[in-house]
Amino acid sequence: MSGLSRLLRRVTMFSLAVLFCWGMMTHSSAAAENQGITVMGLGSVEAKPSVVELTGIVIGQGQLAGDAVTKFHGNRRRAETAFKNLKIPGLEVVEEGLSLYSSLNASQMQAMMRGMAVNNTDSQELSVSETLKLRVTGIDKLSSQELLEMIVRIVDSGKDAGVIIGNDTSPSVPGTYNPSKARNTMATFKVTDVEKLKEAAYEQAVKDARSQAEKLAKLTGVKLGKVISVDGVGDSQKNTAAIYNQIISQYMSATRVNQTEEQASTLLKAIPIAVAVRVTYSIE
């Protein structure tokens with residue numbers, strides 16, 4: 001076979017391949033067009049927080065493990081008595097678990113800050129720590145002033161009993177500054193029964209999707225048909241990127257154990273519950 005013949009054969013095969021790919025692309029485009037109109041509907045409802053949570057840490061320290069445990073038990077009893085004496089309706093103390101660790105003493109910390117080797121033969125303080133979740137329900141029935149006064153009572157009572165109230169602000173490395181721990185969040189406000197609130201939000205989202213689809217059908221001169229598919233995206237913000245980010249977050253949350261049906265905020269205000277649905281309508 002001559003070189004020209006081989007060249008013509010290759011050109012012919014290439015042309016057929018291009019035509020085949022073009023035909024597949026055209027077919028896919030036509031199939032996509034025949035799917036109808038797909039829109040994203042958004043819905044949101046707001047709810048007043050009904051729960052407030054504070055984090056308390058009880059610590060017992062000593063040069064010997066026995067001393068640390070004894071001090072811890074004493075501080076734990078004082079904390080329990082202090083919170084019980086407040087007699088706040090709906091106050092519950094939830095145990096989050098114990099931890100045991102050793103910490104550097106003053107000379108070891110100074111050596112570390114100077115970049116010197118730490119002498120591990122020196123005695124280190126042993127610590128027994130327990131995290132307590134101070135949870136109060138029914139706060140939606142209180143005014144802002146009553147709620148603030150209640151939180152202040154819990155914080156003051158805990159501090160008097162030696163309980164560290166708030167998130168852990170101690171740096172991971174002694175003598176260093178961590179901006180993420182510079183702010184001590186004292187309270188977290190939560191909305192419960194999120195699933196029921198989502199039902200109302202989904203109703204709004206479906207109505208919003210229908211409205212958008214009708215507008216698109218009118219603008220394009222077609223008649224809107226029945227619903228072909230509905231995809232509940234879940235919690236979202238009002239932009240496409242956030243919606244798809246929320247899909248990933250929702251999947252990750254669904255794989256965790258003891259997932260809660262609560263939504264939290266560090267602000268004392270109505271908390272929005274937002275959802276999105278992707279709806280496809282046929283065209284008649």
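What you are looking at is a predicted structure, and each value in this text was computed from that prediction instead of being measured. In what follows, residues are counted from 1 in the order of the sequence shown.
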Who are the salt bridge (charged side-chain N to carboxylate O under 4.0 Å, His left out) partners of [X], not counting sequence neighbours?
X: E46; result: none
X: K133; result: none
X: E130; result: R76

**Message:** Is it true that, when you exclude E203 itself, more than 12 heavy atoms of the residues, nucleotides or ligands shown sit nearer than 6.0 Å to its CD?
**Reply:** no
Are there more than 12 heavy atoms of other residues, nucleotides or ligands under 6.0 Å from atom NZ of K215? no
Between the CD1 atom in I59 and the OG atom in S127, the distance rounded to the nearest 0.5 Å is 6.5 Å
Is the closest side-chain heavy-atom distance between [X] and [Y] below 4.5 Å?
X: L147; Y: M150; result: yes
X: V277; Y: D231; result: no
X: T38; Y: R278; result: yes

So side chain to side chain donor-acceptor pair (under 3.5 Å) across residues 150-159, not counting sequence neighbours, yields none
The side chain to side chain donor-acceptor pair (under 3.5 Å) partners of E53 (sequence neighbours excluded) come to R135, K190
Side-chain donor-acceptor pair under 3.5 Å between Q204 and D208, yes or no?
no
Enumerate, atom names and distances included, each donor-acceptor pair closer than 3.5 Å involving a side-chain atom of residues 78-90, sequence neighbours excluded.
residue	atom	partner	partner atom	Å
R78	NH2	N75	OD1	2.8
T81	OG1	R77	O	3.0
N85	ND2	T81	O	3.2

